[in-house]
Novice: 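Provided herewith is a single structure, encoded as structure tokens, for subsequent inquiry.
Numbered from 1 within each chain, the chains take letters A, B, ... in sequence-line order.
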Protein chains: 2
Amino acid sequence: MTTSAPVVVSRSTLKRLPLYLHVLEDLQRQGREYASCTMLAGKFDFAPILVRKDLEVTGAKGTAKIGFKVVDLIRDIKEFLGWHNVQDAFLVGAGNLGKALLGYKDFELYGLNIVAVFDADPRKVGTRVFNKEVLPMGRMPGLAKRMHINIGIVTVSADGAQAVVDAMVISGIRAIWNFAPAPLSIPDGIILENARLTQSLAVLSNNLKRTLQSE
Amino acid sequence: MTTSAPVVVSRSTLKRLPLYLHVLEDLQRQGREYASCTMLAGKFDFAPILVRKDLEVTGAKGTAKIGFKVVDLIRDIKEFLGWHNVQDAFLVGAGNLGKALLGYKDFELYGLNIVAVFDADPRKVGTRVFNKEVLPMGRMPGLAKRMHINIGIVTVSADGAQAVVDAMVISGIRAIWNFAPAPLSIPDGIILENARLTQSLAVLSNNLKRTLQSE
DNA sequence: TTATTATCGATAGAAAATTATCGATAAATC
DNA sequence: GATTTATCGATAATTTTCTATCGATAATAA
Ligand SMILES: NC(=O)c1ccc[n+]([C@@H]2O[C@H](COP(=O)([O-])OP(=O)(O)OC[C@H]3O[C@@H](n4cnc5c(N)ncnc54)[C@H](O)[C@@H]3O)[C@@H](O)[C@H]2O)c1
Ligand SMILES: NC(=O)c1ccc[n+]([C@@H]2O[C@H](COP(=O)([O-])OP(=O)(O)OC[C@H]3O[C@@H](n4cnc5c(N)ncnc54)[C@H](O)[C@@H]3O)[C@@H](O)[C@H]2O)c1
């Protein structure tokens, strides 16, 4: 056995890694060579030991008293997340949110490259969004198979989401990034990740409510 | 003492509540009168007991064998989150993402009403986005104070975010919903909630990487 | 009517995540 | 050169979150 089994880490750790990455890339731009867990922790009000535990999973090695080498740490985090190889993705739903995602340049930094857009609305098909032609849904399966697309992004309204996901699964797509607020069912083996803005809003709203109440 | 102290619940629970809410609103539209934890759990692959624990914090009361009354549960969740009273909010950064948020009609359902937009770019100031005029940054503090705005939404680039947040704090804004991938510092007592899409993407990417590796 | 079943609500237990401790080490200071 | 300090890496303890159990209850079926 030459390859070690891929390490499974907690969702919480996984979600903190990109936070560190953003800071590290900033430090790199500023020409800093080393970064310590204590310093990274300070940026987020985390306990330093939490950051050290998180970085541990990436296999990065630090040095006592000086910390981690910034370039190496960036590389190790990106590799751990799978962001060192950029993956091509399809986006379905050329509405407000879909357009915003299409216009986001930094996705390349995060291992994502949206290569085609689809929509069911005949009025949108044929129009161009950020220099990409909106294609009809019917072309999705064929193109996805031909191009070996692994990632599908869902930015349609909630009532259309399940149908889109079903089509993606048929198209051989392996991982789905869903922005619609609908519970989706998928077959085993397919990865579903929900990016629900309202979850974050719920935390904010409840905090604000409690603050206002206790005045 | 007449008012009970506001209940503090875990972030995890708080983030699951809107998920239930979406389903419940759907059930309501379908005319269903009751919903059980077991059923809700099934929609998300959660353990039924987890849903019951989550709903407990809202103070909602269920009935054995039949479950929770849909209308009441919706009301209790919304009230717990603070979504029964819609809060006015300011948005800063009329770019791709800012426009998408401005165009999102459902925020009203989630207790949020974006009433004004600001941008530092003179070419954007004066233009209209979803029928709202983009205002210059200089007008933000005055208007925020006059209108008693509690919520600020940050959709500027990472390097501008701290300045925007500082301005919001000075303007009397109490809670900040930040979409920029920058660690922000805020004074005690101000609520900061980060909506970082890359966090969700990191989970997806890592899962996909592991899936692809183990083939 | 009585038995069965699905569910709630309360309490207890298990698992996971976070935090603390401690020896080792490398740099900085005395 | 010895001492102090900041940090890492490993292990242990603690806290938080999630899950299981169990009696009570309301609907349904026998
Ligand atoms: N806009 C936001 O800021 C925002 C915030 C949070 C969540 N969301 C969610 O993201 C999704 C998209 O939001 P939006 O504001 O862009 O909506 P939108 O109405 O602007 O766009 C939806 C697009 O999806 C297309 N579509 C609908 N059903 C389809 C189907 N079955 N197949 C293919 N295309 C289909 C429509 O033609 C439209 O172009 C929604 O589910 C919304 O709830 C959006
Ligand atoms: N577009 C996306 O899908 C997406 C996804 C994830 C994260 N984000 C983040 O959201 C933020 C906005 O992204 P975007 O794609 O809309 O960018 P964008 O460049 O389209 O828009 C940014 C807007 O902010 C304004 N701005 C910049 N600095 C400002 C300042 N100091 N004060 C006031 N206004 C200022 C700019 O004039 C511009 O209109 C970025 O931080 C980005 O990293 C965007």
Novice: Does atom NZ (A/K43) have a neighbourhood of more than 12 heavy atoms from anything else shown, all under 6.0 Å?
Specialist: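 Atom NZ in A/K43 is not crowded, with 12 or fewer foreign heavy atoms closer than 6.0 Å.
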Novice: Are any of the side-chain heavy atoms of B/L91 and B/V117 separated by less than 4.5 Å?
Specialist: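 B/L91 reaches B/V117 side chain to side chain.
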Novice: Just the rounded figure in Å: distance from P of C/dA15 to CG of B/L50.
Specialist: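 In whole Å, C/dA15 P and B/L50 CG are 16 Å from each other.
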Novice: Taking for each residue the nucleotide of DNA chain C bearing the nearest heavy atom, is the 5' side occupied by A/S10 or by B/P48?
Specialist: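 Between the two, 5'-proximity favours B/P48.
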Novice: From CZ of A/R52 over to P of C/dT19, roughly how many Å is that when rounded to an integer?
Specialist: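 Rounded to whole Å, this separation is 13 Å.
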Novice: Is B/T63 near enough to C/dC8 that one of its side-chain N or O atoms lies under 4.0 angstrom from OP1 or OP2?
Specialist: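 The answer is no; no side-chain N or O of B/T63 sits under 4.0 Å from OP1 or OP2.
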Novice: Starting at the 5' end of DNA chain C and moving along, which residue's nearest nucleotide shows up first, A/T13 or B/C37?
Specialist: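 It is B/C37 whose nearest nucleotide is closer to the 5' end.
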Novice: Tell me which nucleotide among D/dC8, C/dT11, C/dC8 gets nearest to the side chain of B/K53.
Specialist: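 Ranking D/dC8, C/dT11, C/dC8 by closest atom to the B/K53 side chain puts C/dT11 first.
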Novice: Rounded to the nearest Å, what distance is computed from the CD1 atom of residue B/I66 to the C1' atom of nucleotide C/dT5?
Specialist: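 Taking CD1 of B/I66 and C1' of C/dT5, I get 14 Å after rounding.
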Novice: Measure the acute angle between the ring planes of A/F44 and A/Y20, then classify it against the limits of 30° and 60° as parallel, tilted or perpendicular.
Specialist: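 Correct class here is perpendicular.
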Novice: Take the protein atom CZ of A/F68 and the nucleotide atom C1' of D/dA6, then report the distance between them rounded to whole Å.
Specialist: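 Distance check: A/F68 CZ to D/dA6 C1' gives 14 Å.
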Novice: Distance check needed: D/dG9 P versus A/L73 CG, whole Å only.
Specialist: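 Distance, rounded to whole Å: 11 Å.
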Novice: Tell me which nucleotide among D/dT7, D/dA10, D/dT17 gets nearest to the side chain of A/T38.
Specialist: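 Of the options given, the side chain of A/T38 lies nearest D/dT7.
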Novice: In whole angstroms, how far is the C1' atom of C/dC8 from the CG atom of B/D54?
Specialist: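 In whole Å, C/dC8 C1' lies 15 Å from B/D54 CG.
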Novice: Without decimals, in angstroms, what is the distance between B/L17 CG and D/dT17 P?
Specialist: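 In whole Å, D/dT17 P and B/L17 CG are 14 Å from each other.
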Novice: May I ask you to verify if any side-chain N or O of B/R11 is less than 4.0 angstrom from the OP1 or OP2 atom of C/dA17?
Specialist: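 Indeed not, no polar side-chain atom of B/R11 lies that close.
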Novice: What nucleotide among C/dT18, D/dT7, C/dT5 has an atom nearest to a side-chain atom of B/K65?
Specialist: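 From the listed options, C/dT5 comes nearest.
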Novice: Of all the heavy-atom pairs spanning B/D119 and B/A94, show the shortest one and how long it is.
Specialist: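 Scanning both residues, the minimum pair turns out to be OD2-N, 2.7 Å.
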Novice: When the distance from CD1 of A/I49 to C1' of D/dA12 is rounded to whole Å, what number comes out?
Specialist: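 After rounding, the gap between these two atoms is 11 Å.
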Novice: Describe, in one word, how the ring planes of B/H22 and B/Y110 are oriented to each other, choosing from parallel (under 30°), tilted (30 to 60°) and perpendicular (over 60°).
Specialist: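 Ring orientation of B/H22 relative to B/Y110: perpendicular.
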